[in-house]
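Working notes, beginning with the structure itself.
In what follows, chains are A, B, ... by sequence order, proteins preceding strands, each numbered from 1. Bear in mind the structure is a predicted one, so any value in this text is a computation, not a measurement.
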Amino acid sequence: MQLLFIHSDYIEYEAKEKTKVAEEIETSSERVEEVLVVFIAVEREDERNVNYVVDKAAEETISIFNKVGAERIVLYPYAHLSSELASPDKSVEILRALHDKLHAQGVEVKRAPFGWYKSFTLRCKGHPLSELSRKIKVLEGAEVKEVETESKALEAEEKAESHFFIMDGGGNLIAADDFEFGAEHENLKQFFVYESEKRRAVDRVPPHVELMKRLEIADYEPSSDPGNLRFYPKGELIKTLLEDYVRSTVAEYGAAEVETPIMYSVKHPALKDYIERFPARQYSMIGKGNKPDLFLRFAACFGQFLMSKDMSISYKNMPVKMFELAPSFRKEKRGELVGLRRLRKFTMPDMHTLCRDMEEALKEFKMQYELGMRVLDDIGFSPDEYEVAIRFTKDFYDANKTFIEDLVRIAGKPVLIELWDQRFFYFVLKFEFNFVDALGKASALSTVQIDVENAERYDIKYVDASGKEKRPIILHCSPSGAIERCMYALLEKAYLEKERGILPMFPLWLSPTQVRLIPIAERHLEYIESILPALSGLRVDVDDREETVSKKIRDAGREWIPYVAVIGDKEVEKKTLSVTIRSESHGNTKKGQKQEMDVLELKTRVEGEIRGKPFRRLPLSYKLSERVKFVGG
RNA sequence: GCCUUGGUAGCAUAGUGGUAAUGCGCCACCUUGGUAAGGUGGAGAUCGCGGGUUCAAGUCCCGCCCAAGGCUCCA
């Protein structure tokens, strides 16, 4: 049976003239609104298992009916969908049965007359699900199989079939549906559910969106394109620190930093493929003749591949690693954008490694896998705060079982496995570390892919020991994932911790203010000024506003400031500080954890905690009284 | 692109047909303080835009614009 579904504003049809197989009818014309129109061709093979076909067709129809939210259904016999039609008698029987079945489920359903020449007009709604087709197949014997096709042009490329498993530390591959997640692996379960269902309807704004505004990190910019955000000084500081960190970590790893253009010609043959695959997702520059002639890059791949093509590379130089902190652009559909999680303009740390062969690629892959773990740990995510996904083709797995098992062992916990029966896009193996947020949505942070296709496409080659030109294997790696996405994950993590009674905060090295000094009265300001030089090299500010001490303490808490020191007569006299340490305080008691220490002790402690991490100075006046508010209140 | 919700002072919101309200922030004054919001006063709004209904519209109707969330998607 062939089915074509069109979610329509309305359909009008009129039976004009009988064919010789026409059924008798009462009304010859009809108009139906807010309707899911189902064009149906009943096929010869359907006669073999009428009940099955009717059940299956009803099930599909109801599912689509509910998904698109139509109000009623019209079944419209449409012989032209198939060249192997069933007999008219059987067709009518099946159509009637389908009608009755749907009717029995409480759906308002009409059937257009069978065997008439009919005129019709309908208006298709035009949303992504408004046009769908289904084929219900009856195979030999009782065996049955469904084939699903989508009519959208973008999906013309056939997707490889994929299967989800969980692999445990012992290398056992368990179908994900059968895995006992238990309380221990609740997060992994959420991740799997998100991955397999790809949806999770929630009706509230993600917590990080409110936080990014309130903490003066970032905000929407109504005058730009959606997904292009503004970053306030504190947000820009955090972003820059993360960038500094990734930059130096990757440099240490041995990658050479480069810069490549952000826009490219649509005419380049290797780039054309990409653009044609995702035409609606490019920011294009319209050139002569109203046609796009340049587009903005969605990652640093092109730039680095085009550079690699012109390099002369000997096997002795390999692996060759190139890195770029790449501002990237993807014109995601309006509804896909969410706060800092999914943007149209974002900063993608993008490293490519050219390897001699698969053996070297695997060695590098494992190192970069460990690099990703280290990077996430430094940014503030321990391994139990993200979930590992490893995805590969069946062929790759058969040839590299122990390699995969090794990766799982390094993760130290069960990981989600996706197995493709054939190669999907350009890679044979990839991993991601995924963060699951407060609403149960998963997003990839670190990721590495083994690319076996682009060296050919971009004509990248190296010379091997025997003097012959060869194609390298290319690793794509983003050790942290998009910088903005790291910020999103940090905010969501803080929110989740708050829910559990932990005071939310950023890692110390990313906190805009690391130490806040609060004078009890104006006369203590002079003393504070005198100790400031001793705290240089830290981000220290002073709440010199004319407010009560209580108010200042509260405001410091609302800003998630890690160290808050109150200074009054006692401290001036004893030359000490009364420091409230946020990380040692609890959210459920109103009392902060206070500690007496002198200036040097405080400085030593903070410096110890941020050692090895990048530092930037406070981007705002150290006096709170001089600061403007970026977000209104 | 589609669906849903929303657009009222710098920000967050209340306001179901009759004088635009509250909190935060801002300004001024009082208070010079000891660990999670001190007090008083003041300024600040063509209620997203355009049309319609009505004696009267922030409120009801129509059209448009903008935003967020969801669907879909994520190279």
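In the set A75(B), A68(B), G34(B), the nucleotide with an atom closest to the side chain of Gln282(A) is A75(B). Picking from G69(B), A37(B), U35(B) the nucleotide with the shortest atom distance to the side chain of Val209(A) gives G69(B). For Arg330(A), whose side chain is taken as the heavy atoms from C-beta onward, the closest listed nucleotide among U35(B), G38(B), C74(B) is C74(B). Looking at the side chain of Ser550(A), the nearest of the listed nucleotides A36(B), G34(B), G69(B) is A36(B). For Ser578(A), taking side-chain heavy atoms from C-beta onward, the closest of the listed nucleotides U35(B), A37(B), A75(B) is U35(B). Side chain of Arg342(A), nearest nucleotide from C74(B), G69(B), U72(B): C74(B).
Defined by atom type and a distance below 3.5 Å, a donor-acceptor pair is missing between the side-chain atoms of Gln593(A) and Ser585(A). Using a 3.5 Å distance cut-off with no hydrogens or angles, the side chains of Tyr495(A) and Asp437(A) do not pair a donor with an acceptor. No donor-acceptor contact under 3.5 angstrom links the side chains of Glu571(A) and Ser578(A), judged on distance only.
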Checklist outcome for this item: A correct 5'-to-3' footprint of nucleotides 28-33 of chain B, with B, S and - meaning base, sugar-phosphate only and no protein heavy atom under 4.0 Å, is ---BBB

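Nucleotides G17(B) and U53(B) place their C1' atoms 12 Å apart, quoted to the nearest Å. Atom name P, nucleotides A9(B) and U5(B): the rounded distance is 22 Å, in whole Å. Spacing between G52(B) and U13(B) at atom C1', rounded to whole Å, works out to 29 Å. For the C1' atom pair drawn from G44(B) and C26(B), the interatomic distance equals 9 Å after rounding to whole Å. Nucleotides G63(B) and U59(B) have their P atoms positioned 16 Å apart, rounded to a whole Å. The gap from the C1' atom of A57(B) to that of C66(B) amounts to 22 Å, rounded to the nearest Å. Rounded to a whole angstrom, the distance from the C1' atom of C47(B) to that of U19(B) is 15 Å. Taking atom C1' on both A12(B) and A45(B), the two are 15 Å apart, rounded to the nearest angstrom.
Gly557(A) comes within 4.0 angstrom of nothing in the nucleic acid, heavy atoms only. The residue Leu337(A) sits close only to the backbone: its heavy atoms come under 4.0 Å of sugar-phosphate atoms, none of a base. Among the atoms of the strands shown, none is found under 4.0 Å from any heavy atom of Glu432(A). Thr580(A) comes within 4.0 angstrom of a base, heavy atoms only. When heavy atoms are screened at a 4.0 angstrom cut-off, Lys570(A) is found touching base atoms of the nucleic acid. No engagement by Ser443(A) is indicated, since no non-hydrogen atom pair under 4.0 Å with the nucleic acid exists. Counting any heavy atom pair closer than 4.0 Å across all strands shown, Val338(A) reaches sugar-phosphate atoms only and no base atom.
Taking 3.5 Å as the limit, the base of U72(B) and the side chain of Lys333(A) contain a donor-acceptor pair of atoms between them. A donor N or O paired with an acceptor N or O is not found under 3.5 Å between the base of C24(B) and the side-chain atoms of Arg214(A). You won't find any donor-acceptor pair under 3.5 Å spanning the side chain of Gln449(A) and the base of A75(B), going by distance alone.
Ring orientation note: the planes of Tyr283(A) and Phe329(A) are nearly perpendicular, at an angle over 60° on the 30°/60° scale. Classification of the Phe396(A)-Phe392(A) ring pair by plane angle, with boundaries at 30° and 60°, yields tilted. The aromatic rings of Tyr232(A) and Phe630(A) sit tilted relative to each other, their planes meeting at an angle between 30° and 60°.
Spacing between atom NZ of Lys594(A) and atom P of A36(B) amounts to 8 Å, rounded to whole angstrom units. Rounded to whole angstrom, the span from the CG atom of Asp543(A) across to the P atom of A37(B) amounts to 14 Å. In this structure, Arg554(A) places its CZ atom 13 Å from C1' of U35(B), rounding to the nearest Å. Here the C1' atom of nucleotide A37(B) and the CD1 atom of Ile518(A) are 13 Å apart, to the nearest Å. Atoms CD (Glu332(A)) and P (G69(B)) sit 14 Å apart, rounded to a whole Å. Across the protein-nucleic acid pair, Met212(A) atom CE and G69(B) atom C1' stand 13 Å apart, rounded to whole Å. Atom CZ of Arg516(A) is separated from atom P of G34(B) by 20 Å (rounded to the nearest Å). Across the protein-nucleic acid pair, Glu210(A) atom CD and G69(B) atom P stand 13 Å apart, rounded to whole Å.
For Lys430(A) and A75(B), the shortest distance from a side-chain N or O to OP1 or OP2 is not below 4.0 Å. Phosphate proximity of C26(B) to Lys629(A): present, with a side-chain N or O under 4.0 Å from OP1 or OP2. At least one side-chain nitrogen or oxygen of Lys441(A) sits closer than 4.0 Å to the OP1 or OP2 atom of G70(B). At G7(B), none of the side-chain N or O atoms of Tyr220(A) fall inside 4.0 Å of OP1 or OP2 (strictly under the cut-off).
With His476(A) as the fixed residue, the ring-ring contact (aromatic ring centres under 6.0 Å, His included) test singles out one of Tyr426(A), Phe365(A), Phe323(A): Tyr426(A). The salt bridge (Lys or Arg N to Asp or Glu O under 4.0 Å) with Asp555(A) is formed by just one residue from the set Arg214(A), Arg545(A), Lys629(A), Arg627(A); it is Arg545(A). With Lys594(A) as reference, Thr580(A) is the one residue of Thr580(A), Val579(A), Ile581(A) to meet the side chain to side chain contact (heavy atoms under 4.5 Å, CB included) rule.
Heavy-atom distances to RNA chain B give each of Val564(A) and Arg485(A) a nearest nucleotide, and the one nearer the 5′ end belongs to Val564(A). Residue Val566(A) is the one, among Ser224(A) and Val566(A), whose nearest nucleotide of RNA chain B lies closer to the 5' end (criterion: closest heavy atom).
Taking a pair as Watson-Crick or G-U wobble with both distances under 3.5 Å, the runs of three or more consecutive pairs in RNA chain B are B:1-7 with B:65-71, B:10-13 with B:21-24, B:26-30 with B:38-42, B:48-52 with B:60-64.
One finds a salt bridge joining Arg423(A) and Glu453(A) here, because a Lys/Arg side-chain nitrogen approaches an Asp/Glu carboxylate oxygen to under 4.0 Å. Ion pairing of Arg72(A) with Glu34(A) is absent here, as no side-chain N (NZ or NE/NH1/NH2) approaches a carboxylate O to less than 4.0 Å.
To the nearest 0.5 angstrom, Cys486(A) atom SG is 10.5 Å from Phe435(A) atom CZ. Remark: Ile460(A) CD1 to Asp451(A) CG distance equals 8.5 Å, nearest 0.5 Å.
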